[in-house]
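Chain letters run A, B, ... following the sequence lines, proteins first, then strands; residues in each count from 1. In what follows, every heavy atom counts, from backbone to side chain, and hydrogens, waters and symmetry copies are set aside.
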Number of protein chains: 2
Amino acid sequence: MNLKQRAAVFKALGHPARLAMVERLGRGECCVCELLEGTDYRKLSAPTVSQHLLVLKSAGVITEEEKRGKKIYYRLRMPCVSAISLCVKEREEALGAVGL
Amino acid sequence: MNLKQRAAVFKALGHPARLAMVERLGRGECCVCELLEGTDYRKLSAPTVSQHLLVLKSAGVITEEEKRGKKIYYRLRMPCVSAISLCVKEREEALGAVGL
DNA sequence: TGCTTTATTCGTTATTTAGCGAAATAAATG
DNA sequence: CATTTATTTCGCTAAATAACGAATAAAGCA
């Protein structure tokens with residue numbers, strides 16, 4: 001995996017809505033409608049969520065698992081990103097001095 | 001560290017030039033002039049590199065270490081991002097099927 | 001002091017991204 | 001088959017980002 005591809009993964013994670021989706025999927029696969037509800041970041045429209053999913057899929061972070069009934073299920077394709085997100089989350093103290 | 005702040009960290013890493021800089025800084029502090037040379041991604045102008053450093057600094061990823069002579073030294077402020085980048089790098093197989 | 005090096009700030013332009021309403025697709029259900 | 005539900009695609013606009021040349025600042029050197 002080259003530099004550009006790696007950067008694309010981080011870029012995909014670099015939006016609150018997408019990061020929330022990834023963290024949700026880290027707790028197990030779910031359908032789009034659940035992701036549409038679940039974001040505590042803010043309420044986004046279905047088209048917007050759909051587009052964010054495409055970004056994550058293109059970067060290889062998630063994958064379309066299967067279609068059950070009317071619902072389409074996604075799951076995390078790079079399990080390590082869950083650990084990554086946790087790692088960053090815990091670095092709280094490292095950011096205090098920047099005013100973040 | 002909240003969702004938005006975490007996303008900002010990933011966003012900062014989400015550019016080939018910035019990721020290369022972070023990976024370089026992961027091997028030890030260095031000055032701007034070294035970062036200006038070192039990117040195998042592509043040759044960028046000094047103003048552009050300077051702006052990328054600002055992005056990384058604002059997200060709390062790096063910090064301005066000190067000024068020695070004419071040179072300004074930066075270092076990694078969130079050491080875990082080095083490990084993160086390696087983790088993503090190794091997930092190569094996970095991306096084959098997406099055409100990445 | 002004047003010149004060179006190192007790095008940043010400013011101003012501008014081109015490109016990308018985010019978001020959404022409207023429309024389209026697909027599956028289940030009455 | 002018409003309707004509802006779940007999701008995506010399309011077309012558009014507003015905002016953010018990337019990049020760079022010119023100008024600026026600060027430090028060391030001749």
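- At D:dC20, one or more side-chain N or O atoms of B:Thr48 fall inside 4.0 Å of OP1 or OP2 (strictly under the cut-off).
- Side-chain proximity of B:Cys31 to D:dA26, D:dA19, C:dA7: nearest is C:dA7.
- Between A:Lys71 atom NZ and C:dA28 atom P there is a gap of 12 Å when expressed in whole angstrom units.
- A:Tyr74 has a side-chain polar atom (N or O) that falls below the 4.0 Å cut-off from OP1 or OP2 of D:dT8.
- Side-chain N/O atoms of A:Arg18 include one lying less than 4.0 angstrom from OP1 or OP2 on C:dA18.
- Nucleotide D:dT24 holds its C1' atom 14 Å from the CD1 atom of B:Ile72, rounded to whole Å.
- Tested against B:Arg75, the residues B:Glu29, B:Glu65, B:Glu64 include a single side chain to side chain donor-acceptor pair (under 3.5 Å) partner, B:Glu65.
- Remark: C1' of C:dT17 and CD of A:Gln51 are 7 Å apart, rounded to the nearest angstrom.
- The existence of a salt bridge linking A:Glu34 and A:Lys71 is excluded, since no basic side-chain nitrogen approaches an acidic carboxylate oxygen closer than 4.0 Å.
- Of the side-chain N and O atoms in B:Arg42, one or more sit less than 4.0 angstrom from OP1 or OP2 of D:dA19.
- Projected onto DNA chain C by closest heavy-atom contact, A:Gly69 and A:Ser45 fall at different nucleotides, the more 5' of which corresponds to A:Ser45.
- Checking C:dT6, D:dT17, D:dT8 against every side-chain atom of B:Cys33, the shortest atom distance belongs to C:dT6.
- Of the possible polar contacts, none joining the A:Ser50 side chain to the A:Ala46 backbone as a donor-acceptor pair under 3.5 Å is found.
- Phosphate contact (OP1/OP2 of C:dG19, side-chain N/O of A:His15, threshold under 4.0 Å): present.
- Under the 30°/60° scheme for interplanar angles, the aromatic rings of B:His52 and B:His15 are found to be tilted.
- One atom, CD1 of B:Ile62, and another, C1' of C:dT8, lie 14 Å apart when rounded to the nearest Å.
- Looking only at distances, no side-chain donor or acceptor of B:Gln51 sits under 3.5 Å from a matching main-chain atom of B:Thr48.
- Listed nucleotides: C:dA27, D:dC20, D:dA16. Nearest to the side chain of A:Lys67: C:dA27.
- Computed from coordinates, the B:Glu64 CD to C:dA7 P distance equals 10 Å when rounded to whole Å.
- Straight-line distance from the NZ atom of A:Lys4 to the P atom of D:dA18: 14 Å, rounded to whole Å.
- Atom NZ of A:Lys70 is separated from atom C1' of C:dT29 by 7 Å (rounded to the nearest Å).
- Between B:His52 and the phosphate of D:dT17, there is no side-chain N or O to OP1/OP2 separation shorter than 4.0 Å.
- We find that CG of B:Leu44 is positioned 15 Å from C1' of D:dG21, with the value rounded to whole Å.
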